[in-house]
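Notes for the one structure printed next.
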Amino acid sequence: MWQNTSKNQVQQYMQQNPYRLLALSFFATMTIGTILLMLPISHAQGLSTTLVDAAFTAVSCVSVTGLSTVDTYHHWSLFGKIVMVILIQLGGLGIVSFTTIIALVLGRRVGLKNRVLLSEDVGQDGMKGLLHITKKLTIYTFCVEIIGGIIYTIQLYPYIGDAALYTGIMQSISSFCNAGFIFFDNDLPYAMVGDVLFNMNTMALIVIGGFGYLATFDIWSHRKLRRFVDLKLHTKIMLVGTTALILLGTIIFLGVEWANPKTFGPLPIWNKVMASLFQSITPRTAGIATVDYNDLHPITLFITIIFMFIGAGPNSTGGGVKISTIAVAFLAARTLFNNRPDTEVFERRISLITVLKANGIIFLSILFVLFATCYLAWDEPYDFIRLLFEVTSAFGTVGLTTGITPNLSESSKWVLMFVMFTGRVGVMTVIGTWALRTAPTKPISYAEERVLL
C-alpha cells in the first residue's frame, strides 16, 4: 500500500507540470546514451572512454549540439557511431514526438496528458491536430534525411570509398538535425570549402531542419497560391528573419575575412563567397565548418556568437533563443519610437503575453550564458571571447568550437553539459521544472505606479 501511495504521489508530481516530464525524457535518454557509449564495443580497438567523455558525447548528441571531447571519426567504432546517430535523431525529432509515433504505429491510444507534453515538445500552442502534425513532421524528417543521405553518399564516395554508403546517411541526419557532428575525417570539410555539392546539400539540410516544422507546413499548404500575404504571421517572421540573418552574415564574414591569410585569403573569389555563405548559415545551430574557427578574426567570432545565441526557428531541430523571439523583442522595442501602444507587424498585433515571454527568454538566456562563461573563465586559462564562444555554442546547441573543448577541465565539461541540456530543452523548461506554480486568480488588481527607466 505504501508503494502504491508513493508511486501515485510521484506520478501526480510529474504530471502536474509537463516541463518536468519533458526535461526528464531528455535526461533519461542522455543517461542511457552514456551507458551505451561506455561499452567496450562503442570505441575503437585499443582506446577507452571515460565517464565524462561518454556523458559529454551523449548529452551533445541528444541536445543536437556537436561539441565533442574526443575525435568522432577515430575514437568511436561503427557501433558507437550508430548509437550517436540514434541519439541525434531522438534529440532532433524530439523524444516525446518519437515515442508518440511509436505508440501510434503500435495502435495505442495517446492520452490527454501525453498530448499536453507533446505540445510542449513540438512547440505547438494547443492540442488541435497535434497528432496529425507529429505524423507529418516524422515523415517529412525521414524523407529529407534520406534525400540528403543519397546526395552525401554520391559526393563523399570519391573521398572515403565504400564507407560513404553508411556515412552519408549518418551525416545527413547530423546536418538536418543541426547536430554538427562530422562522421568522417574532421579535416575533410576544410578541403571541400569550394565543393558546390557538399556545401549546397549541407546548407539546405541545415536551413530546412532549422526553419521549423509549422512554418514549413504553412508554406507547403500555400504552395499553389505563392503569395506572401496569405502566410501566417509566424511564417512571415521566419522567412524575413532567416533571409536577413543569412545575407547579413554573408556580407560581414566576407568583408572581415576577405584578406585573412589563415582563412579566406588564399581562396579564389567564388570559394570566398561560398565559404562566407556557409559560415553565415552554420552558426544557426548546425556546427559544421569549412574553415578553422581558431583562425578567425575576433570580430567574426563575436558576430558568430550573436548568431549562435539567436539560433534557428521554434519547433525545429535547432537551438538558440529562436529567430521569432528576437524578432518579437525587436518589434516591441520599435513601439517606443512610433507612438503606438501595441506591438504590430504585417498588419497584425502581437499579444502582450508573447512580448513578455520573448523578453523573459532573452533576459534569462543572457544571464545563464554569462554565469556559465564566468565559471569557465575562473576555471580555464583561455581568452574570454573563446570561452564565451564555447558556452554560447553549447547553449545554442551549435557545436562550433575554437578547438578548446577536449582540453577543458572535467568540471568545465560538466558545466557545458548542463548548458547543452538547457539549450536543448529550453531555459524556460529548466526553470519551469521547479518554478512553475498554479496560482488562483486574484479577485483584485493592484494600483499602478510608474518606475523610472
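In this text the structure is predicted, and so the values were computed from the model without any measurement.
Across all non-hydrogen atoms, the minimal contact from L37 to A54 is CD1-O, 3.8 Å. The two residues L400 and P283 come nearest to each other via the heavy atoms CD1-CA, 4.1 Å. Minimum interatomic distance between V144 and S172 (heavy atoms only, all atoms of both residues): O-OG, 4.3 Å. When all heavy atoms of I323 and T242 are compared, the pair lying nearest together is CD1-OG1, 3.6 Å. Residues V328 and A358 come closest through the heavy atom pair CG1-CB, 3.8 Å. Nearest heavy-atom pair across W76 and K81 is O-CE, 3.4 Å.
Annotation: side chain of N178 is not in contact with side chain of V64 (no heavy-atom distance under 4.5 Å). At a threshold of 4.5 Å between non-hydrogen side-chain atoms, the residues C177 and E145 count as touching. Using a 4.5 Å heavy-atom threshold, the side chains of P189 and I182 count as touching. You'll find the side chain of T290 reaches within 4.5 Å of the side chain of Q279, heavy atoms only. Residues Y157 and D162 are in side-chain contact: their nearest non-hydrogen atoms beyond the backbone lie under 4.5 Å apart. S174 has its side chain within reach of Q171: a pair of non-hydrogen atoms, C-beta onward, lies under 4.5 Å apart. Looking at S42 and F79, their side chains come closer than 4.5 Å, going by heavy atoms from C-beta outward. Side-chain contact between Q89 and F142: present, with at least one pair of heavy atoms (C-beta onward) separated by less than 4.5 Å.
Here the CG-CG distance, from L231 to L239, works out to 6.5 Å after rounding to the nearest 0.5 Å. Between atom CZ of residue F371 and atom SG of residue C374 there is a gap of 7.5 Å, rounded to the nearest 0.5 Å. The CZ atom of R424 sits 8.5 Å away from atom CE of M30, with the distance rounded to the nearest 0.5 Å. Remark: T167 OG1 to L156 CG distance equals 7.5 Å, nearest 0.5 Å.
Taking the six-membered ring where the residue is Trp, F183 and F181 present tilted rings, their angle falling between 30° and 60°.
Under the rule for a ring pair (Phe, Tyr, Trp, His ring centres under 6.0 Å), the partners of F346 that lie at least two apart in sequence or sit in another chain are F228. Applying the side chain to side chain contact (heavy atoms under 4.5 Å, CB included) test to T343 and every residue at least two apart in sequence or in another chain returns L331, A332, T335, I350, V355. Listed by chain and number, the residues in a side chain to side chain contact (heavy atoms under 4.5 Å, CB included) with L301 are Y293, L296, I385, F389, T402 (sequence neighbours excluded). Every residue meeting the side-chain hydrogen bond (donor to acceptor under 3.5 Å, both in side chains) condition with T354, not counting sequence neighbours, appears here in chain and number order: S351. Listed by chain and number, the residues in a side chain to side chain contact (heavy atoms under 4.5 Å, CB included) with V207 are I246, I281 (sequence neighbours excluded). For E257, the side-chain hydrogen bond (donor to acceptor under 3.5 Å, both in side chains) criterion is met by N260, T263, T300, not counting sequence neighbours. Partners of I146 under the side chain to side chain contact (heavy atoms under 4.5 Å, CB included) rule, at least two apart in sequence or in another chain, are I150. Take Y166 and apply the ring pair (Phe, Tyr, Trp, His ring centres under 6.0 Å) test, not counting sequence neighbours, and it matches no residue. In this structure, Y382 has no ring pair (Phe, Tyr, Trp, His ring centres under 6.0 Å) partners at least two apart in sequence or on a different chain.
Aromatic ring centres of F368 and F418 lie closer together than 6.0 Å.
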query: Under the side chain to side chain donor-acceptor pair (under 3.5 Å) criterion, do S411 and D379 qualify, and how do the steps go?
result: CA-CA 8 Å; S411 61; D379 195 41; 2.8 Å; yes
Problem - Stepwise side chain to side chain contact (heavy atoms under 4.5 Å, CB included) check, F395 with M420 - result: CA-CA 5 Å; F395 178 78; M420 289 189 287; over 6 Å; no
*Apply side chain to side chain contact (heavy atoms under 4.5 Å, CB included) to V369 and I366, showing your working.*
CA-CA 5 Å; V369 169; I366 291 175; 6.0 Å; no
Begin with the C-alpha distance, continue with both residues' side-chain angles, and end with the deciding distance and a verdict on side chain to side chain contact (heavy atoms under 4.5 Å, CB included) for K232 and K236.
CA-CA 6 Å; K232 294 180 180 178; K236 294 176 182 178; over 6 Å; no
Go through the steps to decide whether S280 and L245 satisfy the test side chain to side chain contact (heavy atoms under 4.5 Å, CB included), and finish with yes or no.
CA-CA 8 Å; S280 175; L245 287 174; over 6 Å; no
| Are S60 and T57 close enough, and set up right, to give a side chain to side chain donor-acceptor pair (under 3.5 Å), and what steps lead you there? | CA-CA 5 Å; S60 187; T57 303; over 6 Å; no
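When V59, T65, L376, T69 are each tested for a side chain to side chain contact (heavy atoms under 4.5 Å, CB included) with L416, only one passes: L376.
The salt bridge (Lys or Arg N to Asp or Glu O under 4.0 Å) contacts involving residues 27-47 comprise nothing, where partners must be two or more places apart or lie in separate chains. Sorted by first and then second residue, the salt bridge (Lys or Arg N to Asp or Glu O under 4.0 Å) pairs with a member in residues 36-54 read D53-K413; sequence neighbours excluded.
For the residue pair H43/S77, the side-chain donor-acceptor check at 3.5 Å is not satisfied. Using modelled atom types, one finds a donor on one side chain and an acceptor on the other under 3.5 Å when comparing T49 with H75. No side-chain donor-acceptor contact under 3.5 Å links T34 and T31.
Under the 3.5 Å distance criterion, the side-chain polar atoms of E380 are matched with a main-chain donor or acceptor of S409.
Annotation: F302, atom CZ; neighbour count of heavy atoms from other residues, nucleotides and ligands within 6.0 Å does not exceed 12. Around the CZ atom of F384, the shell of radius 6.0 Å holds more than 12 heavy atoms that belong to other residues, nucleotides or ligands.
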Could you tabulate the donor-acceptor pairs under 3.5 Å formed by side-chain atoms of residues 190-206, not counting sequence neighbours?
{"residue": "D195", "atom": "OD1", "partner": "L197", "partner atom": "N", "Å": "3.2"}
{"residue": "D195", "atom": "OD1", "partner": "F198", "partner atom": "N", "Å": "3.1"}
{"residue": "D195", "atom": "OD2", "partner": "Q155", "partner atom": "NE2", "Å": "2.7"}
{"residue": "D195", "atom": "OD2", "partner": "Y159", "partner atom": "OH", "Å": "3.4"}
{"residue": "N199", "atom": "ND2", "partner": "M192", "partner atom": "O", "Å": "3.0"}
{"residue": "N199", "atom": "ND2", "partner": "V193", "partner atom": "O", "Å": "3.4"}
{"residue": "N199", "atom": "ND2", "partner": "D195", "partner atom": "O", "Å": "2.6"}
{"residue": "N201", "atom": "ND2", "partner": "G148", "partner atom": "O", "Å": "3.2"}
{"residue": "T202", "atom": "OG1", "partner": "Y152", "partner atom": "OH", "Å": "2.5"}
{"residue": "T202", "atom": "OG1", "partner": "F198", "partner atom": "O", "Å": "2.7"}

